[in-house]
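These notes are about the structure you will find just below.
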Amino acid sequence: MSEPKRVVVEEKVPLSRSILWELQRRFYLGRGPRAWADGDVPSWITSNPLLGGFYAEIVVTWALEGLGAEPTTVKTDEPITIVELGAGSGMLAFRFLTRLTELAEIWKPAGLSFRYVLTDLAQANVDFWKQHEQFSPFFESGLLTLARYDPLADGAAVYPDGERPIVAGSSLNPMVVLANYFFDSIPTDLVKVEDGRAWVARLSTTAPHKLDARPDPAVIGDLEHTWTWHDYELEPYGDPTVDELARFYTENLASAHFPFPVAGFEVMQALDELSAGRLLILTADKGANHLSRFGGTEHKQIVRHGNGFSFDANPDAIGRWIVAKGGFVMHNAPGSPLSITAGFLGATPRETTATRLAWRRTIDARDPSEFYPHLKVFIDQKDPVPASLFTTLLRESAWDPYVVSTLQKKVAGKARKLSSKRRQKLLESLRRAWRNYFPIGEKQDVPFLFGTLAFELQAWDDARLWFEASIAQHGRGAAVLHNIGLTLAKEDRWDKALPWFRAAIEEQPGYKPAAKFLALAEKVVAAEAAQRADEATVPETADDATPGGSAAEE
């Protein structure tokens, strides 16, 4: 039987004009924060505490340097505006603001103030941030405000909630922009250079049936693509800077494929106008940040993320655009797992000596993108992780709760055998990591993992706090209810433990761990009641009444 005939959706269009990008836009608009909570779209590597903290340190250094310049380029009359593009879950903002607050003792006495404008094209994401408990202190302090903003559609105008618009010339101060995992998700062309000639990719797309006028993004899984190559000289962009960059690549690459970020240049133009040509942009993305990293005879394919996708960005090209506009850039080492870039407009290297030194001390010296491959070695190994190494990994990650959630089981078995001093040190590391935890509705019960590790450290109050957080975020489960009861029993508070064991049985009839301790708790509580009534009844010994074993696993 022959295959049903497929319907042509588009034929031989440049990648940047493909229907894929519109489907991608609808995916993010419709999915909202669930795109990150369900793991469809990766985000940890660009929103971890190490990178967010380094960004904050660089921005504070840059602001203080501008404040001390002659003439002063940063004014204390109004806040410095920090705009994050395509912020998604909001996790990077939380990590940045947490570190910025920690550094307040440095920048506040100097008279500086900041306003972080968290933006995304999806209103659902903005609504999610508005209700997020972890953002409450930043709203109350005036550090954080929100805006629905799409730089490709809205251009050089941002409208923060309840505040005056941000437009060209509206600020006395230069602007900061953060754009992590942003440029790889907006339209780009694909070009190859081969045998002295340049070619642009055109995409033909088919579907199993005719698409609706506004197709559901889920259709992206049914689409099939064919690439063809056409003379690049037929694709002028009409912008002198962009056309010159296109010529640069085609004349300086011998044999290579490279993305050409046409929408990225549009965004940079909007940011240039928005900041009145005074801009610090910090961006992290996948893609080459040096001419030597382009190459290969096969171009990279579109990478699917649920019903969304990404395509390599071109941090090198974004950097060259900034230089063409009179600015300068810094990149992390070529070949790093993630390209991290700082771009400056309206400033020279000589005017930003301290900021460049801060970059060297943070991004260059401790490239955040290199930490994950290092951590993965310990995630993949079968052996337990010593507590001292676990604490070191937490410190090197800037107290990242991801380290706890991935290594907890490898540490728990060793925790109860530690000395009191080392248990306390590990507990303090857990508390610091918890301060960096930003729930986004993920399926993994991170508070439960913190709680079970605290239980092994005999930190009953901390364990209860985290088990209660688990209930708040993931609901009542037999294991977590039982574990709260265990922490109370460990403190000989059997009357308080009893309702938790009963609740565990009600939640899951026949749950054996809770059934065992329910019987014991009822016996102890009854004996204590009898003793109080008349001192003729002797309770069981402490050894008989002390629960053994570890906290229950989910």
Side-chain angles (χ1 to χ4, degrees), residues 49 94-95 98 101-102 133-134 136-137 384-439 442 444-501 503-504 513-514 517 521 546-554:
F94 175 71
R95 269 67 189 267
T98 297
T101 303
E102 292 172 351
E133 184 179 3
Q134 299 290 76
S136 294
V385 174
S388 58
L389 175 58
F390 179 70
T391 303
T392 298
L393 288 170
L394 273 174
R395 184 176 62 249
E396 290 301 307
S397 71
W399 318 105
D400 192 340
Y402 181 76
V403 175
V404 179
S405 65
T406 53
L407 295 183
Q408 177 264 355
K409 290 185 178 180
K410 296 178 182 290
V411 180
K414 299 278 188 181
R416 64 171 55 191
K417 300 176 183 178
L418 297 173
S419 67
S420 176
K421 183 177 180 180
R422 295 188 71 181
R423 282 203 306 270
Q424 188 59 37
K425 184 176 180 180
L426 179 51
L427 179 62
E428 182 54 36
S429 295
L430 288 178
R431 290 169 178 164
R432 292 189 69 170
W434 180 252
R435 292 197 287 270
N436 279 324
Y437 178 54
F438 185 80
E442 66 275 7
Q444 186 182 37
D445 191 344
V446 175
F448 187 91
L449 299 177
F450 271 80
T452 52
L453 189 47
F455 188 97
E456 296 300 309
L457 294 171
Q458 301 176 31
W460 315 124
D461 286 343
D462 292 271
R464 269 195 302 277
L465 181 150
W466 287 323
F467 287 140
E468 289 168 1
S470 168
I471 292 173
Q473 292 178 27
H474 296 273
R476 294 161 61 91
V480 70
L481 295 168
H482 167 67
N483 287 351
I484 292 176
L486 278 183
T487 65
L488 294 162
K490 283 287 190 179
E491 297 174 320
D492 286 330
R493 298 163 65 188
W494 289 94
D495 57 330
K496 301 294 184 184
L498 184 59
W500 291 100
F501 295 134
F517 283 96
T546 300
S550 301
E553 299 287 344
E554 284 189 304

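Keep in mind that the numbers below use all heavy atoms, side chains included, and drop hydrogens, waters and symmetry copies.
Counting all heavy atoms, side chain and backbone alike, His482 lies closest to Ala514 at ND1-CA, 3.5 Å. Annotation for Ala463 and Gly451: closest pair CB-O, 3.6 Å, computed over non-hydrogen atoms. Heavy atoms only, all atoms of each residue included: Glu456 and Ala415 are closest at CB-CB, 3.8 Å. Contact record, Pro49 with Pro401: CG-CD, 4.4 Å, taken as the closest heavy-atom pair. Taking each heavy atom of Ala489 and Ala497 in turn, the nearest pair found is N-CB, 3.9 Å. Across every non-hydrogen atom of Ala521 and Phe501, the tightest pair is CB-CD1, 4.0 Å.
Judged purely by atom type and a 3.5 angstrom limit, Arg416 has no side-chain atom pairing as donor or acceptor with the backbone of Gln458. Checked by atom type and distance alone, the side chain of Arg423 pairs as donor or acceptor with a backbone atom of Leu418 at under 3.5 Å. Side-chain atoms of Gln134 come within 3.5 Å of backbone atoms of Tyr437 as a donor-acceptor pair (strictly under, hydrogens ignored).
Separation of atoms CD (Glu468) and CG (Leu481) is listed at 10.5 Å; rounding is to 0.5 Å. Rounding to the nearest 0.5 Å gives a distance of 10.0 Å between CH2 of Trp399 and CG of Asn436. Here the straight-line distance linking atom CZ of Arg464 with atom CD of Glu491 works out to 4.0 Å at 0.5 Å rounding. Atoms CZ and CZ, from Phe455 and Phe448 in turn, are 10.5 Å apart once rounded to the nearest 0.5 Å. Expressed to the nearest 0.5 Å, how far OG1 of Thr391 lies from CG of Leu430 amounts to 8.0 Å. If you take CG on Leu488 and NZ on Lys496, they are separated by 9.0 Å, rounding to the nearest 0.5 Å.
For the pair Phe438/Val446, no side-chain contact is recorded, criterion being any heavy-atom separation below 4.5 Å from C-beta on. Using a 4.5 Å heavy-atom cutoff, the side chains of Ile484 and Ile471 are in contact. Taking the side chain as every heavy atom from C-beta outward, Leu394 and Phe390 approach each other to under 4.5 Å.
Listed by chain and residue number, Trp434, Trp466 satisfy the ring pair (Phe, Tyr, Trp, His ring centres under 6.0 Å) test with Phe450 (two or more places apart in sequence, or in another chain).
Counted within 6.0 Å of CZ on Arg431, heavy atoms from surrounding residues, nucleotides or ligands total more than 12; the atom is thus considered enclosed.
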Listing, residues 406-413 side-chain donor-acceptor contacts under 3.5 Å, not counting sequence neighbours, or none:
unit_1	atom_1	unit_2	atom_2	d
Thr406	OG1	Tyr402	O	2.8
Thr406	OG1	Val403	O	3.3
Gln408	NE2	Thr452	OG1	2.5
Lys410	NZ	Gln381	O	2.3

